[in-house]
Trainee: 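Sharing a structure here in structure tokens format.
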Amino acid sequence: MSKIEKNIRELNKLQNLQQRSHWMNDLHPLGKLLLSVIYIFITVSFGKYSLAPLIIMAIYPIFGFIIGELSIKEGLYRMRLILPLVVFVGIFNPFFDRQVMFYIGGSGGQTGIPVTEGIISMVTLMLKGFYSVLSAYILIATTSIDDICYALRILHVPKQIVIVIMLIYRYFGVMAAEADRITTAYKLRAPKQNGIHYKAWGTLVGQWLLRSMDRAEDVYESMLLRGFKGDFIMKKQKTRPIDIIYPLIWTIAFIVIRHVLIRFL
Amino acid sequence: MHMADALVAPAVAGTMYVLSTGAATVSVKKVREENDPKKIPVMGVMGAFVFATQMLNFTIPGTGSSGHLCGGMMLSAMLGPYAGFLTMIGVLLVQCLLFADGGLLALGCNIWNMAFYGCFIGALLIWRPMMKKGASRVKIIAASIIGCVLTLQMGAFSVTLETLISGITELPFSVFVATMQPIHLAIGFVEGLITAAVLVFVYEARPELLWGIGESETVARKEAKLSLKNTIVVIAVLAALAGGIVSLFASAFPDGLEWSMEQVAGTAELEAEGGAYAVAEGIQEATSLLPDYAFKNSESAIGTSFSGIVGALVVVAILVGACYAFRFFKSKKSGVTAA
Amino acid sequence: MHTGVNGEVLKIENLSFSYEKKDQVLKDINLTAYSGESIGVIGANGIGKTTLMKLLVGLNTDFEGVLEVAGHPMNQKNIAHIREHIGYVFQDSDSQLFLSTIEDDVAFGPRNYGLSEEEVEKRVEEALAKVHITELRHKQTYKLSGGEKKLASIATILSMKPDIIIMDEPSIALDPRNRRNLIGILNEIDSLKIITSHDLDFILDTCERCVLLDEGRIIADGRSEKILMDKELLEAHGLELPLSAGCRYKQNIDNVQG
Amino acid sequence: MHTGVNGEVLKIENLSFSYEKKDQVLKDINLTAYSGESIGVIGANGIGKTTLMKLLVGLNTDFEGVLEVAGHPMNQKNIAHIREHIGYVFQDSDSQLFLSTIEDDVAFGPRNYGLSEEEVEKRVEEALAKVHITELRHKQTYKLSGGEKKLASIATILSMKPDIIIMDEPSIALDPRNRRNLIGILNEIDSLKIITSHDLDFILDTCERCVLLDEGRIIADGRSEKILMDKELLEAHGLELPLSAGCRYKQNIDNVQG
Ligand SMILES: Nc1ncnc2c1ncn2[C@@H]1O[C@H](COP(=O)(O)OP(=O)(O)OP(=O)(O)O)[C@@H](O)[C@H]1O
Ligand SMILES: Nc1ncnc2c1ncn2[C@@H]1O[C@H](COP(=O)(O)OP(=O)(O)OP(=O)(O)O)[C@@H](O)[C@H]1O
Ligand SMILES: [Mg+2]
Ligand SMILES: [Mg+2]
């Protein structure tokens, strides 16, 4: 069950990042959320052959990772879940779309390596995939789920949805802890077994679900007992000039790349 | 089955957001009308359960990395379609934020593909009619499998349509469909088994937690709870069955994705006459057959595209330098002030 | 908080409860608690102490009999209102802490009461300082040791300044010094306190009144010094004299004889 | 079980460990334990007792220094083998029990040793009887009271008859009589026992040797009677004299003076 441990560790790492003291963490969550969505929106709106301006769009993730002191390795590691479908969809473009766009190298009468439209469209697709994952990582590494929920509430996302999001996140912690406990206890008393015997899966999962439900009920009661009335009261965030200027400057930059710079590239 | 941001055009993403928001609005209204405060923690727990199940080892090996549980059917069988749908929205958002599974822009699509069909079609058209006259173990298993297989087929078909309409792939419709649907048939079946296992377990242990089961039935069951041991035996058998089928699967097709690639490559060869030649071969062919034709327009192509790309790379390189310089400068400065 | 007649904060009459039909855990409990009292609830393992505490905070409402808090009968209608007055420390701290850092968790209660951010901050600091975990405030809750978790749980309640404090085994997992400190904290607070513990010395030091449970019933109800020094009574119901009492007991006898 | 040189069962040399880079929880621990010993590990909250116990059963292997159990260095290769000899009782019983009924849970260990069903049955009965929870054997684990869970946890280890018993706060949540019974059980077993507890009276009654931790180091290591009666030493490290010891302490002085 090292997979749970791995995921828990990944979440813990994220939590540690969210609790760093860094000016990007202190920015207003609404600005950061909107900025991420705008960035992704503009990125995917580029045509499938617009490689050059798309390369320029890298400035946002690059800035975020270097100035935000984030690990590119961690960011790229997060590609693993969506990569298969993106690769599957993109990898056949070079075979179906073989119109040559230009040649690399080659001088005089010698022609260089041809680059087809299919190759370009495959590369732009991959880049879009990378950018959107990286920019989402910048968001989540600097903003806690609670803060994102706060932003969602400002956007008038219904209370019911936001509470469920917060509870899922909380309870996930509870369930992960329960799963971790169960598997550790199992390992200690069945040291010779390699992992968990499949015959025990059903029992353990059932046990896990029931225990988690009980625990979750207790946790919920504990919330009610401390004045929870169906809406998370969040620490009000003050809006400072930087909270508006930062996303605004980036948005202008993206629009310039998308609509002005694109003509020169 | 999670769509990535890169796969959707803004127009498609927007449309799906509108559709999903519509369904969510209806659900919020219904849940508000129900006004059952006890439901909220259950929504949270079940959401977390679905979220967590996707990362445990007993999820399906061998069906490709995104072939994990969707959960819509399971959630709505316990919470009803409306609360189930809202919970799925939560699961999908948390997933996309924490594990980059799916994307912020593609969220609308994912909600539609995975939550809408599972919750509304699965719960309203399959689960409820089947459970109307009271539940039984067999009925639960049947409804779970039918529901999951059917709704996953719909979801997979939607993925295909959304991707193709977005215009980012050159894959022909027929090839795409012929690949997506069969894989998701298998995934749906396994998901059906897992869903059945969980629901049967809940049915035995806490029947009152299931949605849409005839009233009298619930009460009757409450009185005569089956021993947990029996339930566990059932689940163990199901889990073993799922494990067995999956391992069969896994050995036959080492990896769902790999398998689908082979599928596509194979059919592509038939349809597009040599479309799946090795990359090297393709390049060689292009260099030998196409130069005369392409060379004529290549003047402008080299002029714009190529130099554009080089220019862009230079800009990005400068930015990287600038960022590092800034960071260096800043840390040095703070070092000085600290000293 | 409004109290009932004559300062009655808690009124329990003929209270019975069972989880499963066949065995009744609590049978016919009668208990009245007045404001400012401190009551220790003792009894052997599995006798129903936690069950009783949970009834008092409305975690189970399908009991039989009368249960009134501050003059309001405990039912679905009143429950939210009643809970506003109660601070409950769970036997098991993992049920108590659910936010990511201690600070957030301790601030959760006051924030829900709609206090201003400054007031919330003040309360959090005060509560953390009281149990000596100020330096842990930014620590993530899952990284705490057993005792640190317990202290944090207690702080989440102290920051709320509730009218009624109910604690299920608060001294569990605490080292002797933190335990002593907690005794001091509890003795300073003049809300109604109801505390269960197997640490009879702790009860002796914090509670004036003591209630002994056995077989679902109240066997004895009186001054702690009396009940906790009654060797025969305690031993008849699965308990023992408090550890320090071996000594006090002897001294008492000496005094009587001397 | 094979022991190391001269009956050494546990050898710890210059052991250091930290969860997070900056703060080291354990620094340079040195400890050798011989077969048949009973060692109490004491120290203030959050000092690293649980951390040390977890290292001993291999729940964390990224420590520095030497850690050998029965002559085998603790590493991924040996871990399964080492664990066969150890019975570990978690500080928190929810970490211990994972099957649906107590009976199944207590039978799990012996069954994994490949014992015959009769032998398993015998061991289960014996273990349940020892901690007096025979009548709970078919009860579901999540429906137990705090103390019942603790007793069940202890039974899961007793049924395994391990060569080394490690218990993290075993007396927590137990009523005085069950606590006394546990002392008796532990004193009957002649495996190597390592016990942490804040209940210093419990340590005094079960452990001959006592190790005091503070700031990640071993501050004192010696006979329990000596360390646990040393008021200045204990108070300098966040502890207090055992409750019953106020009395014994006084008697000792009386004896010396008298
Ligand atoms: N959810 C439940 N379902 C059924 N029985 C339960 C449940 N919870 C507790 N019990 C049983 O009710 C009885 C009383 O439990 P309770 O937790 O109140 O005991 P307690 O006095 O707090 O004990 P301890 O001192 O061990 O904490 C026990 O016999 C226990 O097994
Ligand atoms: N997973 C973790 N990550 C980071 N720090 C941790 C983690 N677990 C424990 N700690 C810290 O390590 C220190 C030692 O914890 P440990 O649980 O060993 O204490 P303990 O001596 O058992 O205390 P207690 O008597 O309260 O049970 C504590 O300060 C605790 O906050
Ligand atoms: Mg209890
Ligand atoms: Mg500990």
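Naming convention: chains lettered A, B, ... in sequence-line order (proteins, then strands); numbering from 1 in each chain. Owing to the predicted nature of the structure, the values given are computational and were not obtained by experimental measurement.
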Trainee: To the nearest 0.5 Å, what is the distance between CG (D:Asp175) and CD1 (C:Ile42)?
Mentor: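 Spacing of CG (D:Asp175) from CD1 (C:Ile42) equals 10.5 Å.
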
Trainee: Look at C:Ser171, C:Gly146, C:Gly238 and state which one has the largest set of heavy-atom pairs under 4.5 Å with chain D.
Mentor: C:Gly238

Trainee: Do you know the tightest heavy-atom contact between D:Leu243 and C:Arg179?
Mentor: CD1-NH2, 3.8 Å

Trainee: Strictly below 4.0 Å, N to O, side chains only: are D:Arg177 and C:Glu240 in salt-bridge contact?
Mentor: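 Looking at C:Glu240 together with D:Arg177, the answer is no, because their closest N to O distance does not fall below 4.0 Å.
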
Trainee: Do NZ/NE/NH1/NH2 and the carboxylate oxygens of C:Glu20 and D:Lys143 come within less than 4.0 Å?
Mentor: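 Salt bridge flag = yes for D:Lys143 with C:Glu20.
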
Trainee: Give the minimum heavy-atom separation between D:Leu239 and C:Pro176, together with the two atoms involved.
Mentor: CD2-CD, 3.5 Å

Trainee: With only heavy atoms counted, which part of C:Asp168 is less than 4.5 Å from chain D, the side chain, the backbone, both or neither?
Mentor: neither

Trainee: Pull out the residues in residues 44-64 of chain C that come under 4.5 Å of chain D, heavy atom to heavy atom, sorted by number.
Mentor: C:Ala44, C:Asn45, C:Gly46

Trainee: Taking side chain as everything from C-beta outward and backbone as N, CA, C, O, which of these in D:Leu174 sits under 4.5 Å from a heavy atom of chain C? Side chain, backbone, both or neither.
Mentor: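 When you check distances to chain C, atoms from both the backbone and side chain of D:Leu174 fall under 4.5 Å.
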
Trainee: Flag the one option from C:Arg180, C:Glu235, C:Glu148, C:Glu169 with the top tally of heavy-atom pairs under 4.5 Å to chain D.
Mentor: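 Heavy-atom pair counts peak at C:Arg180.
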
Trainee: Considering all heavy atoms of both residues, which atom of D:Gln91 and which atom of C:Ala173 are nearest to each other, and what is their separation?
Mentor: NE2-CB, 4.3 Å

